[in-house]
Every structure is written in C-alpha cells, then in structure tokens.
Amino acid sequence: MGVDLGELIEPEEIGFEDLHNKELAIDAMNTLYQFLSIIRQRDGTPLKDSDGNVTSHLSGLFYRTINLMENEIRPVYVFDGEMPDLKSKESSKRRKKREEARDEWEKLKDEGKISEAYSKATQSSKLTGDMIEESKRLLDAMGVPYVEAPSEGEAQAASMVGDEVYAVGSQDWDCMLFGADRMVRNLTSRKTRKSSGGGTKKISVERIELENVLDELEVSHRQLVWMGILMGTDFNPDGVHGIGPKTALKIVREHDSLEDILEEDKVKDTEFENDPELIEEFFLNPPVEETSYEFGEPDKDEIRKVLVEDHGFSEKRVNSGLKKLETALESRQPGLDSFV
DNA sequence: CCTGCAGA
DNA sequence: TCTGCAGGG
C-alpha cells in the first residue's frame with residue numbers, strides 16, 4: 001500500500017504490443033504479494049499442495065511470466081533486500097493486522113460467511129522466506145533473471161530504468177517517489193475485470209512517465225515526495241489526517257521546503273511514525289546498487305520438478321505452459337530453419 | 001491471479 | 001470467436 005496518485009493523474013492506456021522487446025524491472029514482492037492475496041478460492045483458501053504449502057504465488061508467477069514472454073516482454077524481477085529501519089514500525093503493525101485478519105477469516109469461514117471471509121483472507125496474506133526462495137528457484141529454472149536489492153526493491157527497480165530497462169512494472173505508485181522515470185501498471189493478460197457495480201470494466205496496461213506527472217502537477221520530484229509524506233507512505237502510513245491527494249498537491253505547491261510544510265496549521269500537530277526529513281532523504285537517495293543479470297534458457301525438467309513433483313501442479317497444464325514458453329523464445333531468436 | 005471448458 | 005464460470009494446488 002502506498003501513495004495513490006490515481007486521482008490526480010490520468011495514466012496513458014497502452015497495450016502489450018507497446019512493450020515489445022522491452023525489459024521491465026518488476027517489483028517481485030509487490031507482484032508475489034498480489035498473487036498471494038488474489039489467487040484464492042471463494043472462501044479465501046489459497047492454493048496449496050498436498051503437504052499444505054501455499055502455492056498461489058508460484059501459479060501466478062509461472063503463468064504471468066509466460067504471458068509476458070509470449071508478448072515478447074522481457075521481465076527482470078527485483079527482490080527486496082534488508083528492510084530499512086524506517087519500515088520496522090510499519091512492518092510490525094502489518095504483522096499484527098495480518099494475524100487479526102487471519103483469525104477473523106477462520107471465524108467467518110466456519111460461520112459460512114463466504115464473501116466476508118474472502119476479504120479477510122486477502123488481508124491475511126503473508127509472504128514467507130520459503131515462498132521467496134521457491135519463487136527464485138522457479139525463475140532460475142525458467143531462465144528469467146532476477147536481482148536482489150540492497151534495500152527496497154521498488155527503489156532498486158526505479159534506479160534501473162534507463163538504457164536497458166524500459167520501465168518499472170508494479171501496481172504501486174511509490175516507485176515514482178523513488179524517481180522511476182517510467183512505470184507500467186496492470187501487466188495482466190485479462191482484458192476485463194468485474195466492477196463493484198456488477199458490470200465488467202475494461203482494464204488496460206497503463207504507462208506513467210515521471211516527467212509527465214511532474215509537468216501535469218506542476219511540482220518537482222522533491223515536491224512529489226512531500227506529497228507522499230502528507231498522504232502517507234510505507235514509512236508513515238497514516239500520513240496527515242485530513243490530507244488527501246488534492247490537498248497535498250495544493251500544500252506542496254505553496255512551499256519551497258519540507259520544513260515550512262511541517263509548520264502548516266493542518267500539519268504541525270501530526271505525530272509522524274518517522275522523522276519526515278529522513279523519509280524525504282530515503283526517497284531521494286535510497287540505497288541501490290549496480291546489478292548485472294542475464295536471460296537464460298528454460299530448464300524444462302527443473303520446472304516440472306518444482307511445480308509438478310514438489311507441488312502437485314497438473315503436468316498437463318505445466319506442459320502447455322512450457323510449450324508456450326518455447327514458442328515465445330523461438331520467435332525471439334528465429335533460427336535459420338524457421339519458416340516465417 | 002490464471003487456464004480450460006461450456007454454451008451462446 | 002467470444003463471454004462467463006469453475007477450479008486450480
């Protein structure tokens with residue numbers, strides 16, 4: 001969760017074809033967490049193998065990655081490193097919230113309140129170290145590269161946008177605060193989604209460029225970070241009471257320094273979870289590293305071992321995925337004997 | 001989220 | 001060919 005700039009910005013709708021042959025630095029935690037929350041049965045139970053290990057993240061990662069590669073998009077997954085001190089308070093709060101949600105989910109499930117149970121289940125998602133390791137193992141087997149960030153994955157991904165990497169792939173706007181020049185959202189193969197009203201809503205890939213955001217809002221990158229701090233970020237999730245996107249924008253436009261903003265009437269009584277100056281500094285200069293990675297060939301036996309042998313995936317479905325993967329790679333590097 | 005199937 | 005739905009692990 002983080003900053004919601006969607007109310008202020010109209011993202012540009014694009015298609016997968018606009019990302020042909022482009023590398024995307026995909027925020028791995030964001031993506032896996034999304035899978036874990038969403039890939040569930042009606043009552044909120046995640047997919048599990050016969051030993052009771054959750055497998056939702058592997059299912060999502062496998063099929064999503066194949067879909068990207070079928071569209072000749074080149075994903076590089078970026079994992080989180082060491083948790084920054086700024087996040088430790090929020091992290092323990094989230095753990096507590098997760099545990100409460102888990103208890104309520106069990107209760108509602110037993111009472112047969114299926115849809116209420118589902119929404120609690122999504123809030124109870126916990127990405128464990130084992131899940132992360134297995135995800136990396138699957139990516140290795142698929143020949144898909146990943147890098148480990150020194151600190152926040154979003155920050156690392158943001159720093160990679162440039163010559164090789166076209167954009168950050170994430171649902172989370174925070175990568176813009178970390179200075180990503182470009183991000184893309186909704187990297188899903190589905191074209192529609194059920195809306196709350198009951199109908200279906202069209203969903204398309206969205207492209208957001210930092211330069212355009214700053215132009216449209218008429219703020220600097222630094223001021224965008226201040227907006228985040230006012231609205232709430234991972235490092236001060238409560239933000240300032242009563243300040244949403246519009247008020248935040250108005251306030252930052254009227255000031256030249258964070259110090260001045262903190263003295264504003266609306267802001268000055270706020271108890272921040274962390275020193276706002278430190279939050280500002282972290283967004284503007286996060287720990288990132290030069291990284292190297294390369295795309296490899298898929299090891300089909302290893303993929304089958306991870307998914308079918310170890311976690312009870314249907315061999316038929318996995319094989320059909322492998323077939324798609326193979327054709328995707330063939331079209332990327334057409335051989336001399338291919339008829340095109 | 002995803003695939004695969006049924007029925008239009 | 002498209003859309004909606006069930007079930008995946």
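All chains are named by letter (A, B, ...) in the order of the sequence lines, taking the proteins before the strands, and each is independently numbered beginning at 1.
Side-chain contact annotation: Asn186(A) with Gln171(A), donor-acceptor N/O pair under 3.5 Å present. Checked by atom type, the side-chain pair Tyr77(A)/Thr65(A) shows a donor-acceptor distance below 3.5 Å. Counting only N and O atoms by type, the side chains of Gln223(A) and His255(A) include no donor and acceptor under 3.5 Å apart. A side-chain donor from one of Thr233(A) and Asn236(A) sits under 3.5 Å from a side-chain acceptor of the other. Side-chain polar atoms of Ser125(A) and Arg40(A) form a donor-acceptor pair below 3.5 angstrom. A donor-acceptor contact closer than 3.5 angstrom links the side chains of His311(A) and Glu134(A).
Distance NZ (Lys191(A)) to P (dT1(C)): 16 Å, rounded to an integer number of Å. If you measure from atom CD1 of Ile38(A) to atom C1' of dG7(C), you get 17 Å, rounded to the nearest angstrom. Atom-to-atom, CZ of Arg185(A) to P of dC1(B) comes out at 13 Å; the value is rounded to the nearest Å. Here the P atom of nucleotide dG9(C) and the CE atom of Met131(A) are 17 Å apart, to the nearest Å. Atom CZ in Phe313(A) sits roughly 12 Å away from atom C1' in dC1(B) (whole-Å rounding). Rounding to whole angstrom units, NZ of residue Lys202(A) and C1' of dT3(C) are separated by 16 Å. In this structure, Leu307(A) places its CG atom 11 Å from C1' of dG9(C), rounding to the nearest Å. Taking atom CD of residue Gln41(A) and atom C1' of nucleotide dG9(C), one finds them 8 Å apart after rounding to whole Å.
You'll find the ring centres of Phe235(A) and Phe283(A) inside the 6.0 Å limit.
Contact record, Leu210(A) with Ala180(A): CB-O, 3.3 Å, taken as the closest heavy-atom pair.
DNA chain C is contacted by Pro46(A), Leu47(A), Lys48(A), Thr55(A) of residues 46-56 of chain A, taking any non-hydrogen atom closer than 4.0 Å. Proximity of residues 97-116 of chain A to DNA chain C (heavy atom under 4.0 angstrom from any strand atom) is not detected for any residue.
Within the 4.0 angstrom heavy-atom criterion, no nucleotide atom of any strand lies near Thr192(A). Using a 4.0 Å heavy-atom distance criterion, Gln34(A) is classed as making no nucleic acid contact.
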Footprint string (nucleotides 2-8 of chain B, 5' to 3'): B base within contact, S backbone only, - free, heavy atoms under 4.0 Å: SBS----
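At a threshold of 4.5 Å between non-hydrogen side-chain atoms, the residues Glu23(A) and Tyr166(A) do not count as touching.
Salt bridge annotation for Arg137(A)-Glu133(A): absent, with no cationic side-chain nitrogen under 4.0 angstrom from a carboxylate oxygen.
Heavy-atom neighbours of Arg304(A) CZ from other residues, nucleotides or ligands within 6.0 Å: above the threshold of 12.
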